[in-house]
Every structure is written in structure tokens, then in C-alpha cells.
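By convention here, the first residue in the shown sequence is residue 1. What you see is a predicted model, and the numbers here were worked out from it, not measured in a lab.
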Amino acid sequence: MGPARRRHRHRRDAARVGGAAAGLGGLTDLAAPARADRHARPDHRGPWPEPALALPVDPDDGPVLVEVAYEVPEDRAERFRAAMAEAAVSRRRTGALRWNLYQDAADPRRWVEVFEVASWSEHLRQHGARLTGYDAELLTTARDLAEGEPEVRHLVPPAGEPARP
């Protein structure tokens with residue numbers, strides 16, 4: 001068989017494999033529409049209530065530092081850390097510039113998630129427009145490993161302070 005004929009045969013085989021793969025991809029979508037759907041649609045109501053504020057906060061105020069404190073029983077700590085590692089990806093995807101998880105050295109049951117967003121409006125988007133059903137699942141999984149409701153604090157720059165670059 002000559003080189004030209006071999007190339008033609010390889011192209012034909014590649015086309016068959018590509019067509020079969022495309023067909024299987026369609027079957028995968030049919031088999032798991034809910035999972036694909038919850039990743040794509042940001043219409044799921046988030047697991048967090050709207051923040052209650054005692055200060056007036058302008059949408060452009062920032063950066064905003066968010067602290068979420070959890071009480072996690074020792075026997076759930078490893079699962080909680082794993083769930084928070086996935087939640088970190090969600091926080092960054094929805095707008096967090098920085099994210100970290102801390103354990104209180106004086107109270108090992110207390111874990112504090114800290115993340116920073118560029119502005120108050122960016123943080124509000126994390127509560128709604130950018131939060132998909134999948135994101136909500138990740139955050140709910142972590143929250144469900146804790147005891148009680150998490151304590152959430154929103155820290156903003158003092159009024160009149162220019163935003164830092």
C-alpha cells in the first residue's frame with residue numbers, strides 16, 4: 001500500500017472514531033442532563049442569605065473581606081477540609097481574588113474561611129448571578145459538615161477611604 005493510500009485510510013479511520021465519539025458525547029448529555037444543567041445555569045438560589053448591614057455600603061466599595069466561621073467536630077474535620085478545597089475553586093470562579101482556610105489554634109473545632117473580592121457589588125454577584133447550582137451544592141456540602149449555622153462577617157474599608165489598587 002502506497003503512502004497516499006495509507007494517509008487516506010488514516011483520515012477515514014479518524015473520521016469514524018471522531019463520529020463515534022461525537023455520538024457518545026450526545027448520549028452522555030442525555031444520561032446526565034441534571035449535572036450538566038446545574039453547572040451551566042446560574043439560577044439556583046444560593047445557600048447564603050443576603051448580608052445584613054449596619055453601615056451604608058456603596059456597590060463600588062472595596063476590597064471586601066469575607067470571613068465565614070464554622071464549628072466542625074473533630075471526626076468530620078478531614079471531610080470538611082476536602083469539601084472546602086472544592087468550595088475554594090467555586091469562590092475563585094465566582095470572583096474571589098484570594099481565598100484561604102484557617103483553623104483556630106485556641107479552638108481546633110473552629111475553622112475560618114477567608115476570601116477577598118474586589119468590591120461589594122462583586123460579592124453580591126457571588127450570592128446570586130454567578131452562583132450555579134453546582135456551586136451551591138459545594139458550599140452546602142461544606143456547611144452541612146459543620147454544627148450550627150456559620151458565622152459570616154463582611155469587612156469593608158472605612159467610609160471615605162480610597163480603594164487600594
Do R93 and Y134 touch side chain to side chain, with heavy atoms closer than 4.5 Å?
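The answer is no, as the side chains (C-beta and beyond) never meet within the 4.5 Å cut-off.
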Taking all non-hydrogen atoms of both residues, which atom of [X] and which atom of [Y] are closest, and how far apart?
{"X": "P73", "Y": "R109", "value": "CA-NH1, 3.5 Å"}
{"X": "L138", "Y": "S90", "value": "CD1-CB, 4.1 Å"}
{"X": "P157", "Y": "P63", "value": "CD-O, 3.2 Å"}

Assigning hydrophobic clusters by single linkage (Ile, Leu, Val, Met, Phe, Trp, Tyr; side-chain heavy-atom cutoff under 4.5 Å), is [X] placed with [Y]?
{"X": "L101", "Y": "L65", "answer": "no"}
{"X": "Y70", "Y": "V114", "answer": "no"}
{"X": "V117", "Y": "L53", "answer": "yes"}

Rounded distance [0.5 Å steps], [atom1] in [X] versus [atom2] in [Y]:
{"X": "F115", "Y": "L97", "atom1": "CZ", "atom2": "CG", "answer": "11.0 Å"}
{"X": "L139", "Y": "M84", "atom1": "CG", "atom2": "CE", "answer": "7.5 Å"}
{"X": "R91", "Y": "W99", "atom1": "CZ", "atom2": "CH2", "answer": "9.0 Å"}
{"X": "H123", "Y": "S121", "atom1": "NE2", "atom2": "OG", "answer": "11.0 Å"}
{"X": "F80", "Y": "E113", "atom1": "CZ", "atom2": "CD", "answer": "7.5 Å"}
{"X": "L145", "Y": "W111", "atom1": "CG", "atom2": "CH2", "answer": "11.5 Å"}

Residue pair V66, V152: steps toward the side-chain contact (heavy atoms from CB on, under 4.5 Å) verdict:
CA-CA 7 Å; V66 180; V152 182; 4.2 Å; yes
I'd like to know whether E67 forms a side-chain contact (heavy atoms from CB on, under 4.5 Å) with L155, so could you lay out the CA-CA distance, the side-chain angles of the two residues, the decisive distance to 0.1 Å, and finally the verdict.
CA-CA 8 Å; E67 295 180 351; L155 305 161; 3.7 Å; yes
Does E151 CD have over 12 foreign heavy atoms under 6.0 Å away?
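Counting neighbours around CD of E151, 12 or fewer heavy atoms of other residues, nucleotides or ligands fall under 6.0 Å, so no.
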Would T94 and D135 count as a side-chain contact (heavy atoms from CB on, under 4.5 Å) if you check the C-alpha gap in whole Å, the side-chain angles of each, and the deciding distance to 0.1 Å?
CA-CA 9 Å; T94 59; D135 293 318; 3.8 Å; yes
Is R110 paired with E71 through a side-chain N to carboxylate O contact shorter than 4.0 Å?
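Salt bridge: yes.
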Backbone N/O of [Y] and side chain of [X]: donor-acceptor pair under 3.5 Å:
{"X": "E122", "Y": "G95", "answer": "no"}
{"X": "S119", "Y": "D60", "answer": "no"}
{"X": "D61", "Y": "D58", "answer": "yes"}

Set of salt bridge (charged side-chain N to carboxylate O under 4.0 Å, His left out) partners for R76, sequence neighbours left out:
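With neighbours one apart ignored, the set is empty.
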Working note: W120 + H154, criterion side-chain contact (heavy atoms from CB on, under 4.5 Å); need CA distance, chi angles, decisive distance, verdict.
CA-CA 9 Å; W120 183 248; H154 298 90; 3.9 Å; yes
